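Take a look at the structure below.
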Amino acid sequence: MAQIWQLNTQYRGIDATGTINGFPILNADTGGSGEAGFTSAALNPMLVGKGNLLRIEITQKTPDAELKCSVENAQTGDVIDTGNAEVIPLPAGDPPHVIEIRFDSPQDSFAKLLAHALPSDEKTMVAYALKLRDMLNAKDIDGMLKALQPKFSDLAEMYGVSVEMGNQQARSVIESFAESRQSFEAADVLARPCCDNKLWQLLGKDGDVLFRIEEEDGSMSLDLVAAMMPEGPAVVR
């Protein structure tokens, strides 16, 4: 059984961003409204082994602002109580405030990825996003499966699923997206860098996931993170 690491946060009346080892995982925007919100995120794909760093920067808060945050670990199939996060005392005075939580994990695949990934630029990553778009629109299922192999293989290993099952899930997702034309152009792509420009989130200009299907009965999205690897641009998360 695989060990699963999970971030649980509940907050009220704060604007804040959060990263795990430099990768964005939290965006709270209730500093103006004073409303409550929560974020729960799986951390396994972004773990470096020793010295994992969860960093939260608060840029605005209300007088009664609250923050609860914890990193839990459990085995596959265990139930994690997402409403039982630890209370984080907020510093006095006006923001910005920075809160850091460090922890060790046996999993370190993110460190290995960052060791091989090379810094890149927005133009290169936008062009790569268009290449993936063209493969989907051409219904090149095998080509897309090869392009997404690193993402789904790593996820299968992290969560204790066989590579074969991971490939089956990947093919099913790709086939669904190939049935709906992706119509975005270069100007619609937001390639957002992190981790010293080594990783790039492929987003739409609205900040939402770039690859998505909008239908009357619901929507579907394919969250992709790309990197410049020694052999060229690749989907890595």
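As the structure is a computational prediction, the values presented were derived from the model and not from experiment.
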> What pairs of residues pass the salt bridge (Lys or Arg N to Asp or Glu O under 4.0 Å) test when at least one of them lies in residues 185-196, not counting sequence neighbours?
Replying inline: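 Qualifying pairs, neighbours excluded: Arg133-Glu185.
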>> Applying salt bridge (Lys or Arg N to Asp or Glu O under 4.0 Å) as the test, list every pair that has at least one member in residues 37-61; sequence neighbours left out.
In response: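 Sorted pair list: Arg55-Glu57, Arg55-Glu100.
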Is there a side-chain contact between [X] and [Y] (heavy atoms, below 4.5 Å)?
| X | Y | result |
| --- | --- | --- |
| Glu86 | Lys68 | no |
| Ile56 | Leu26 | yes |
| Lys205 | Val189 | no |
| Ile141 | Glu175 | yes |
| Leu190 | Asp206 | no |
| Gln6 | Ser40 | yes |
| Ile101 | Cys69 | yes |
| Arg212 | Leu222 | no |

Of all heavy-atom pairs between [X] and [Y], which one has the smallest distance, and what is that distance?
| X | Y | value |
| --- | --- | --- |
| Ser176 | Ile213 | O-CD1, 3.6 Å |
| Ile14 | Glu66 | CG2-O, 4.4 Å |
| Pro89 | Val87 | CD-O, 3.5 Å |
| Leu202 | Ala226 | CD1-CB, 4.3 Å |
| His97 | Pro91 | NE2-O, 3.5 Å |
| Thr9 | Leu7 | CG2-CD1, 3.7 Å |

> Any idea how Phe110 and Phe23 line up, ring-wise: parallel (<30°), tilted (30 to 60°), or perpendicular (>60°)?
Replying inline: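 Ring orientation of Phe110 relative to Phe23: perpendicular.
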Counting distance only, does the side-chain N/O of [X] pair as donor-acceptor with the main-chain N or O of [Y] below 3.5 Å?
| X | Y | value |
| --- | --- | --- |
| Asn44 | Gln3 | yes |
| Thr30 | Gly13 | yes |
| Thr19 | Pro24 | no |
| Asp108 | Ala111 | no |
| Asn197 | Pro193 | no |
| Asn8 | Ser70 | no |

Measuring from atom [atom1] of [X] to atom [atom2] of [Y], what distance do you get when rounded to the nearest 0.5 angstrom?
| X | Y | atom1 | atom2 | result |
| --- | --- | --- | --- | --- |
| Asp223 | Arg237 | CG | CZ | 12.0 Å |
| Leu54 | Leu43 | CG | CG | 7.5 Å |
| Leu90 | Ile99 | CG | CD1 | 5.5 Å |
| Ser105 | Asn73 | OG | CG | 9.5 Å |
| Asp94 | Ile58 | CG | CD1 | 12.5 Å |

Around atom [atom1] of [X], are there more than 12 heavy atoms of other residues, nucleotides or ligands at under 6.0 Å?
| X | atom1 | answer |
| --- | --- | --- |
| Lys139 | NZ | yes |
| Lys112 | NZ | no |
| Phe103 | CZ | yes |

> Stepwise, does the side-chain contact (heavy atoms from CB on, under 4.5 Å) test hold for Met46 with Cys195?
Replying inline: CA-CA 11 Å; Met46 284 75 72; Cys195 302; over 6 Å; no
Do [X] and [Y] belong to the same hydrophobic cluster, where Ile, Leu, Val, Met, Phe, Trp and Tyr are linked whenever their side-chain heavy atoms lie under 4.5 Å apart, directly or via other members?
| X | Y | answer |
| --- | --- | --- |
| Leu114 | Met228 | no |
| Met135 | Met220 | yes |
| Phe211 | Met144 | yes |
| Leu130 | Leu132 | yes |
| Phe152 | Val161 | no |

> Mind checking what makes ring pair (Phe, Tyr, Trp, His ring centres under 6.0 Å) contact with Phe177, not counting sequence neighbours?
Replying inline: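 None.
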> Out of Asp15, Thr39, Thr17, which residue meets the side chain to side chain contact (heavy atoms under 4.5 Å, CB included) rule with Asn27?
Replying inline: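 The option that passes is Thr17.
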> When you look at Trp5 and Glu72, which way does the side chain to side chain donor-acceptor pair (under 3.5 Å) test go after all the steps?
Replying inline: CA-CA 6 Å; Trp5 294 81; Glu72 309 287 346; over 6 Å; no
N/O donor to acceptor pairs below 3.5 angstrom from side-chain atoms of residues 162-174, sequence neighbours left out:
unit_1, atom_1, unit_2, atom_2, d
Ser162, OG, Met165, N, 3.1
Asn167, OD1, Gln149, NE2, 3.0
Arg171, NH2, Asp142, OD1, 3.0

> How is the hydrophobic cluster of Leu53 composed, in terms of its other members, when Ile, Leu, Val, Met, Phe, Trp and Tyr link through side-chain heavy atoms under 4.5 Å apart, directly or indirectly?
Replying inline: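 Once heavy-atom contacts under 4.5 Å are chained together, Leu53 still belongs with nothing else.
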>> Please tell me whether Trp200 and Tyr128 form a close aromatic pair, meaning their ring centres lie under 6.0 Å apart.
In response: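 No, the ring of Trp200 stays outside the 6.0 Å limit from the ring of Tyr128, centre to centre.
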> Can you pull the side chain to side chain donor-acceptor pair (under 3.5 Å) pairs that have at least one residue in residues 227-236, sequence neighbours excluded?
Replying inline: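 For residues 227-236: none.
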